[in-house]
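One structure below.
Remember, predicted model here, so these are calculated numbers, not experimental data.
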Amino acid sequence: MHRIFRGLVGTILVALAVLAAVVAFDAPAKPTALASVSDPFDKVDFSDVPPVQTYSARDGATLGYRAYEGSGTQVVVLIHGSTDDGSGIHPLAKALRDAGASVYVPVLRGHGTSGGSGDIDYIGQLDDDLADFVATLRKNHPDASYSLIGFSSGGGFTMRVMVGPEAKLFDRFIMVSPVLPHGAPTLRPRVGGWVSVAVPRIVGLTILNRLGIDWFNGLPIIAFATSPKATNLTDAYSFRLAINFGAPPDYLAALGKSTKPAAVLVGSADELFYPERFAPLLQSARADLPVTIVPGVGHIGMTVTPEGIAAVKQTFLDLTAPAG
């Protein structure tokens with residue numbers, strides 16, 4: 001019996017040692033810069049990007065945002081995509097402002113000047129930050145109607161909010177080319193070359209988290225194919241940031257329980273996703289969810305080209321139009 005016990009303990013120790021080695025050393029390698037993501041920004045005029053303002057989160061951190069003040073009673077909180085500091089969706093923010101909304105683009109924690117690069121303190125902190133941000137906005141817009149619009153990873157995060165407790169903060173949701181969780185049929189292999197993922201480390205960290213051990217959640221698990229020309233981008237995400245900044249694992253089940261007005265858009269030439277797979281997948285959970293495929297537009301094009309911007313703007317106008 002003692003031999004069996006010692007053998008079992010030895011097996012467990014070896015397994016833990018292997019797990020520790022995987023978690024410690026399996027860092028994601030940075031992929032080659034992806035031209036389809038970086039090149040579209042070469043034609044964007046960033047000369048009038050608003051300066052970063054700040055608000056205070058509940059933990060006392062000073063986080064950034066950009067304001068595009070509009071008129072009327074509509075407020076849009078616009079969530080940027082992976083690696084961005086919010087400036088990348090400048091053309092879309094201007095278009096939504098021109099549609100009559102006051103548009104606010106938070107620099108999510110872990111990006112740009114908000115917090116440590118590529119990391120947050122715990123899974124769920126982005127949700128808390130968003131609630132604090134909306135509370136700040138309501139001081140100046142107490143009677144406004146609020147829309148949450150997110151692009152790419154921000155689109156996945158918008159879905160997370162739409163099906164979570166923070167859904168009460170918003171009246172409608174628009175997801176532009178949303179990133180869905182690993183294994184979703186909408187994702188091209190390696191997300192079209194945009195990411196390098198440390199799968200063994202993710203598996204190891206997931207096991208540890210199920211055991212109640214979250215000490216190593218700050219380790220990077222995803223590296224992005226960012227361009228060396230761009231100095232404002234975040235090149236890698238920790239486990240906890242990657243888990244928080246996206247749709248929940250049970251997104252289909254959660255989506256089926258959502259009732260607020262929502263819409264999805266994606267370009268027909270998206271290089272990271274399979275556009276034609278969004279409607280069958282998402283509408284299997286929520287049949288009334290409109291999914292628009294914008295002809296000839298790539299991934300980044302949804303936020304920087306006239307065609308992509310016009311489609312998002314029109315969807316916003318449709319969802320905010322008075323009934324009848």
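- Between Phe41 and Phe46, the two ring planes are tilted [angle within 30° to 60°].
- Under the rule for a side-chain hydrogen bond (donor to acceptor under 3.5 Å, both in side chains), Thr83 has no partner lying at least two apart in sequence or in another chain.
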Evaluation steps, side-chain hydrogen bond (donor to acceptor under 3.5 Å, both in side chains), between Asp129 and Gln125
CA-CA 6 Å; Asp129 290 344; Gln125 190 168 36; 5.0 Å; no

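- Looking at Ile79 and Phe245, their side chains come closer than 4.5 Å, going by heavy atoms from C-beta outward.
- Both Leu289 and Phe170 sit in one connected hydrophobic cluster of ILVMFWY residues. Membership requires side-chain heavy atoms under 4.5 Å apart, directly or through other members.
- Considering only heavy atoms from C-beta on, Ser268 stays 4.5 Å or farther from Val297 through its side chain.
- For Trp194 and Ser36, the side-chain atoms include no donor-acceptor pair closer than 3.5 Å.
- Counting only N and O atoms by type, the side chains of Lys43 and Thr305 include no donor and acceptor under 3.5 Å apart.
- Closest approach of Ser145 to Arg172, counting heavy atoms only: OG-NH2, 2.8 Å.
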Anything under 3.5 Å between a donor and an acceptor, one on a side chain of residues 271-280, the other on a protein residue two or more places apart or in another chain? List them.
| residue | atom | partner | partner atom | Å |
| --- | --- | --- | --- | --- |
| Glu271 | OE1 | His299 | N | 3.0 |
| Arg277 | NH1 | Pro185 | O | 2.8 |

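- Smallest separation of non-hydrogen atoms from Asp119 and Leu241: N-CD2, 3.8 Å.
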After noting the C-alpha distance and the side-chain angles of Asp59 and Arg109, does the key distance pass the salt bridge (Lys or Arg N to Asp or Glu O under 4.0 Å) rule?
CA-CA 12 Å; Asp59 65 340; Arg109 193 186 295 251; 3.0 Å; yes

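- Under a hydrophobic clustering in which Ile, Leu, Val, Met, Phe, Trp and Tyr are joined whenever their side-chain heavy atoms come within less than 4.5 Å, directly or via other members, Leu148 and Tyr65 fall into the same cluster.
- With hydrophobic clusters built from ILVMFWY side chains whose heavy atoms lie under 4.5 angstrom apart, Leu319 shares a cluster with Leu255.
- Listed by chain and number, the residues in a side-chain hydrogen bond (donor to acceptor under 3.5 Å, both in side chains) with Asp45 are Ser47 (sequence neighbours excluded).
- When ring centroids are compared, Phe224 and Tyr237 come within the 6.0 Å threshold.
- Take Tyr104 and apply the ring-ring contact (aromatic ring centres under 6.0 Å, His included) test, not counting sequence neighbours, and it matches His141.
- Listed by chain and residue number, Arg286 satisfy the side-chain hydrogen bond (donor to acceptor under 3.5 Å, both in side chains) test with Ser258 (two or more places apart in sequence, or in another chain).
- Residues that satisfy the side chain to side chain contact (heavy atoms under 4.5 Å, CB included) test with Asp85, not counting sequence neighbours, are Arg66, Ser87, Val107, Asn232.
- Between His80 and Phe157, a ring centre-to-centre spacing not shorter than 6.0 Å is recorded.
- Under the 6.0 Å distance and 45° angle rule, Arg201 does not count as a cation-pi partner of Phe216.
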